[in-house]
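Written below as structure tokens is the structure these notes are about.
For reference, positions follow the sequence shown, starting with 1. All figures in this text were calculated on a predicted structure; none of them were measured in a lab. For ligands, and for the atoms within them, numbers begin at 1 and follow the listed sequence.
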Amino acid sequence: MLKRIELNNVGPAPGLAIDFGERLNLLTGDNGLGKSFLLDVGWWAMTRRWPAEVNPGIATGMPVLPAGPGEASITFSFAGASTVENHTSRYRPEEQSWVGRRGRPANPGLVLYAMSDGAFAVWDPARNYWRQPRGWQVFARDEAASERPAAYVFSPLEVWNGREEQGTWLCNGLIRDWAGWQKENGTAYRRLVQFLAALTPPASGPPLAPGPLTRISIDDQRDMPTIRMPYLADVPVVHASSAVRRVIALAYFLVWAWEEHRRAARLLQSEETNQIVLFIDEIEAHLHPSWQRTIVRTLMSAMSSLSEEQAAVQLIATTHSPLIMAAAEPVFDPATDAWFDLDLTDATVQLCRRDFERHGNAEAWFTSEAFDRATRRAGRAPA
Ligand SMILES: Nc1ncnc2c1ncn2[C@@H]1O[C@H](COP(=O)(O)OP(=O)(O)OP(=O)(O)O)[C@@H](O)[C@H]1O
Ligand SMILES: [Mg+2]
């Protein structure tokens with residue numbers, strides 16, 4: 001679980017410290033104040049990888065640079081699977097990189113990042129974390145082949161079509177995996193069906209469910225999954241609406257990451273992880289209000305259901321939506337959850353952890369200080 005991030009001379013605020021809740025974390029603030037930036041830093045703190053460094057084909061998750069000349073540091077702390085990692089990393093202009101102490105960092109568990117544009121990143125303790133054997137050599141056809149990937153980062157298109165790297169498929173992609181899972185009718189498919197149903201808001205008719213596989217072109221050999229729409233048509237997933245695509249990609253990504261983690265742990269004869277962290281940027285992206293009303297709750301319970309061992313789950317989400325905040329009211333527990341708000345005061349970005357007020361509805365959230373309406377109306381907001 002990510003516990004703390006402290007920044008000095010990095011990002012839009014001159015300095016910033018954030019102590020995360022162990023379960024649900026909501027991050028609000030105007031455009032451009034550093035919400036996505038904080039998720040990038042959070043993913044990096046736990047994995048030591050910037051998403052766009054792992055996959056230069058994505059437009060989000062760029063390596064972070066210091067805000068100005070002089071010392072710049074990122075201090076972070078997370079509770080790993082067995083130990084707590086406390087670390088300070090400094091930027092070295094000579095290296096154009098962040099550096100820190102040598103040695104094997106703590107294992108942070110399964111770390112997932114759903115970016116706002118549909119790119120996804122996974123850091124899997126079974127597949128991206130290993131000990132170099134001491135005193136003996138691994139015989140592999142070539143040295144590079146014995147290295148495992150540093151992390152898995154997929155562009156929006158690769159989430160659907162898969163990613164091939166140096167002759168091996170890092171991920172088959174949603175289309176092929178979904179079709180394969182459906183034919184196999186095993187755990188992965190059951191989980192996907194469960195997730196799709198769980199993530200559908202009850203008010204919008206029958207739950208999202210897979211229809212039969214189909215073909216959409218004589219030139220595309222792939223069996224194409226379909227999604228059964230409430231108007232009783234089976235729509236090929238590539239033709240689904242933006243919201244449906246966002247939700248099915250999220251469901252696929254969670255199932256893929258967990259299934260591949262389990263499979264790898266079995267092959268390595270190691271234990272499944274006991275913690276899962278999901279960073280999700282703009283959790284409401286593309287969703288109609290009725291969907292926004294349920295997504296936080298359903299996503300948290302879907303994540304908890306992944307592991308039979310009841311792995312601890314931490315969700316760190318940014319939002320622009322008063323509805324998301326209103327919908328979080330029944331699930332928000334101040335003992336485990338936190339709400340952070342980024343504000344601009346006297347031309348300086350400040351982060352504050354706010355007590356979670358209960359406003360009762362989205363309208364009241366919209367006109368509250370959280371969305372800066374009250375301060376703006378009173379003429380107190382900075383220009
Ligand atoms: N890679 C980076 N290196 C250094 N600073 C960055 C980097 N990425 C973002 N920033 C800083 O963070 C600021 C805020 O960007 P960010 O994308 O986090 O805003 P946001 O709050 O997510 O806004 P929006 O609501 O529009 O998505 C940028 O203006 C820039 O100052
Ligand atoms: Mg953003």
Side-chain angles (χ1 to χ4, degrees), residues 2 5-18 20 25-76 89-93 95-99 113-121 151 153 156 242 246 278-287 292 315-325 339-354 365-366 370-373 376 381-383:
L2 186 54
I5 291 178
E6 211 179 308
L7 302 175
N8 170 33
N9 188 23
V10 195
L16 174 156
I18 178 165
F20 292 92
N25 293 270
L26 294 163
L27 193 52
T28 55
D30 253 340
N31 293 122
L33 297 190
K35 301 179 298 299
S36 305
F37 164 82
L38 276 172
L39 297 195
D40 292 346
V41 174
W43 199 74
W44 175 85
M46 301 192 89
T47 68
R48 248 44 67 78
R49 303 282 178 231
W50 300 109
E53 240 174 15
V54 178
N55 183 346
I58 63 166
T60 37
M62 296 295 284
V64 158
L65 296 175
E71 188 172 301
S73 62
I74 305 177
T75 298
F76 55 86
S89 175
R90 289 176 214 287
Y91 190 77
R92 267 181 65 93
E95 259 67 55
Q96 292 284 290
S97 283
W98 294 90
V99 299
Y113 184 9
M115 287 164 252
S116 59
D117 62 353
F120 282 119
V153 179
S242 309
R246 166 86 167 168
L278 172 66
F279 296 95
I280 177 164
D281 202 9
E282 300 184 14
I283 189 165
E284 72 279 9
H286 305 300
L287 303 183
Q292 292 189 30
L315 181 67
I316 302 178
T318 72
T319 181
H320 297 118
S321 166
L323 251 169
I324 292 285
M325 298 306 286
W339 165 37
F340 305 96
D341 191 26
L342 284 158
D343 262 321
L344 197 59
T345 312
D346 299 329
T348 305
V349 176
Q350 286 179 339
L351 177 115
C352 85
R353 179 174 178 157
R354 289 184 181 243
W365 272 97
F366 178 57
F371 292 90
D372 302 335
R373 301 298 301 168
R376 274 191 190 154

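- When distances from atom 30 (C) of ligand 1 to the protein are checked, no heavy atom turns up under 4.0 Å.
- Those atoms of ligand 1 that come under 4.0 Å of a heavy atom in Asp30, given as number and element, are 21 (O).
- In Pro63, the part holding a heavy atom less than 4.0 Å from any atom of ligand 1 is the backbone.
- For ligand 1, the polar-atom distance check finds no N/O of Gly11 at less than 3.5 Å from any of the ligand's N/O atoms.
- Between Gln292 atom CD and Ile324 atom CD1 the span is 5.0 Å, to the nearest 0.5 Å.
- Taking a cut-off of under 4.0 Å to the non-hydrogen atoms of Met62, the atoms of ligand 1 that pass are 1 (N).
- Among Leu351, Leu342, Leu27, the one residue that satisfies the side-chain contact (heavy atoms from CB on, under 4.5 Å) test with Leu33 is Leu342.
- Of the protein's heavy atoms, Phe37 CD1, 3.8 Å lies nearest to atom 6 (C) of ligand 1.
- Smallest separation of non-hydrogen atoms from Val99 and Ser89: O-OG, 2.9 Å.
- In terms of polar-atom proximity, defined here as any N/O pair under 3.5 Å, Leu38 makes no such contact with ligand 1.
- Between Ser36 and Thr60, the closest side-chain pair of non-hydrogen atoms is not below 4.5 Å.
- Under the 30°/60° scheme for interplanar angles, the aromatic rings of Trp43 and Tyr113 are found to be tilted.
- Each of Glu282, Met325, Lys35 was scored for a side-chain contact (heavy atoms from CB on, under 4.5 Å) with Thr319, with one residue passing: Met325.
- What sits closest to atom 17 (O) of ligand 1 on the protein, heavy atoms only, is Ser36 CB, 3.7 Å.
- Of the residues listed (Trp98, Tyr91, Trp44), the one engaging Val64 in a side-chain contact (heavy atoms from CB on, under 4.5 Å) is Trp98, and it is the only one.
- Evaluated by nearest non-hydrogen atom to atom 4 (C) of ligand 1, the leading choice among Val10, Leu65, Thr318, Leu39 is Leu65.
- Counting atoms of ligand 1 from 1 in the listed order, those under 4.0 Å from a heavy atom of Glu282 are 27 (O).
- Annotation: atom 24 (P) of ligand 1 to nearest protein heavy atom, Asn31 ND2, 3.6 Å.
- The shortest distance between side-chain heavy atoms of Leu344 and Asp30 does not fall below 4.5 Å.
- Of all heavy-atom pairs between Leu2 and Gly42, the closest is CD2-CA, 3.8 Å.
- Here Ser116 does not reach the Mg ion (ligand 2): none of its N/O/S atoms is less than 2.8 Å from the metal.
- Asn9 places a side-chain N or O within donor-acceptor distance of the main-chain N or O of Gly68, the cut-off being under 3.5 Å.
- Residue contacts with ligand 1 leave out Gly29, since none of its heavy atoms falls under 4.0 Å from the ligand.
- In the vicinity of His320, heavy-atom distances shorter than 4.0 Å reach the ligand 1 atoms 24 (P), 25 (O).
- Of all protein heavy atoms, the one lying nearest to atom 23 (O) of ligand 1 is Gly32 N, 2.7 Å.
- When only non-hydrogen protein atoms are considered, atom 12 (O) of ligand 1 lies nearest to Pro12 CD, 3.3 Å.
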